[in-house]
**Student:** 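I am attaching a structure below and will ask some questions about it afterwards.
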Amino acid sequence: MKKVATIAGSDATGGGGLEADLKTFQEFGTFGLAAITSIVTLDPETGDHHLKKLPTEWIQEQLASIFAGPIDAVKTGLLPSEEIIHVAAKHLPKDIPLLVDPVIGGKGTKDFIQNEQVQALQKVLLPHALITTPNLREAGILAELGDLTSEKQMQQAAKKIALLGVKHVVIKGGARFDDKQTLDLHYDGRNFYRYPHPVIATPYNHGAGCTFAAAITAAIAKNYPLEQAIKLAIAFVQAAIASGEKINPYVGHVWHGAYTHGEKRLEYADEQ
Ligand code: PXL
């Protein structure tokens, strides 16, 4: 069985972060391992998110545990300090496909990382990555181009990000400049590949970005060619968004099980 590892924050409410990663890895029939960098909690009184970073030594020990055996692909998510980014870069074996999901903020959260951490991602981690999957906003920040408002600007951002050393840039279009139709854009250092698809209208889409990145990582571990991995990840996330669930008064999450279990799901048992 393929082994897939994530180095990410815990989203206590279970939609994004390493919860999304592990659930997605499982759905892909892979074995998931995880190192927790931080914990994101939700204040039930206000809906505010709070971030708690774990001590670097604890992260180091988790990384040593993960890489005690062979791993087929690795994903990084929220790495909330420069020190943590350095530790991750140092302990990641260089011969394993690495996907860097450059988590800067979450939906409805304040930014988790600031300029110094963005610089560390650019200099320390992205040069070792096979793939990075920024959303539109993260792509604008990583490329230092500000808000991206057109496909042309997405292309410019992808080119600038590729200059950091990462081989494939996949920008997640989301619903930021068109609420009906969205575009995921892949740049491999030479050509652009377009993946247009309809936006699914629902407020319950927290965790979509993490899930997309985790799906690509698991597919890469299973030796899917990247184009197939991206197509499969889009279908997987579309199913997850279509089955989104309200989880608390503030937020609703994608359901990571939808693609594989959607039709077989025992709705009746849920109602008991
Ligand atoms: O979806 C971005 C994200 C990533 N990682 C963690 C999160 C979130 C969003 O809330 O909590 C840990």
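Remember, predicted model here, so these are calculated numbers, not experimental data. For ligands, and for the atoms within them, numbers begin at 1 and follow the listed sequence.
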**Student:** When you measure from the side chain of Asp184 to the backbone N and O of Gly173, does any donor-acceptor pair fall under 3.5 Å?
**Tutor:** yes
**Student:** With a 4.0 Å cut-off on heavy atoms, is Gly16 touching ligand 1?
**Tutor:** no
**Student:** Under 4.0 Å, heavy-atom basis, I'd like to know which part of Ala8 is in contact with ligand 1: side chain, backbone, both or neither.
**Tutor:** neither
**Student:** Counting only N and O atoms by type, is there a donor-acceptor contact under 3.5 Å from the side chain of Glu61 to the main-chain atoms of Trp58?
**Tutor:** no
**Student:** Is the backbone of Asp43 close enough, under 3.5 Å, to the side chain of Tyr250 for a donor and an acceptor to pair up by distance?
**Tutor:** no
**Student:** Quick one: which ligand 1 atoms are inside 4.0 Å of a heavy atom on Gly9?
**Tutor:** 12 (C)
**Student:** May I ask whether Cys210 places a heavy atom under 4.0 Å from ligand 1?
**Tutor:** yes
**Student:** Does any donor atom in the side chain of Gln60 or Thr56 lie under 3.5 Å from an acceptor atom in the other side chain?
**Tutor:** no
**Student:** Which atoms of ligand 1 are found less than 4.0 Å from any heavy atom of Val40?
**Tutor:** 11 (O), 12 (C)
**Student:** Given Glu138, His206, His49, Glu19, which has its nearest heavy atom closest to atom 10 (O) of ligand 1?
**Tutor:** His206
**Student:** When you measure from the heavy atoms of Ser10 to every atom of ligand 1, does any distance fall below 4.0 Å?
**Tutor:** yes
**Student:** Out of Gly17, Ala20, Gly77, who is nearest to atom 5 (N) of ligand 1 when you count heavy atoms only?
**Tutor:** Gly17
**Student:** Quick one: do Asp101 and Lys172 make a salt bridge, cutoff under 4.0 Å?
**Tutor:** yes
**Student:** Would you check if there is a donor-acceptor pair between the side chains of Asp11 and Thr13 at a distance under 3.5 Å?
**Tutor:** yes
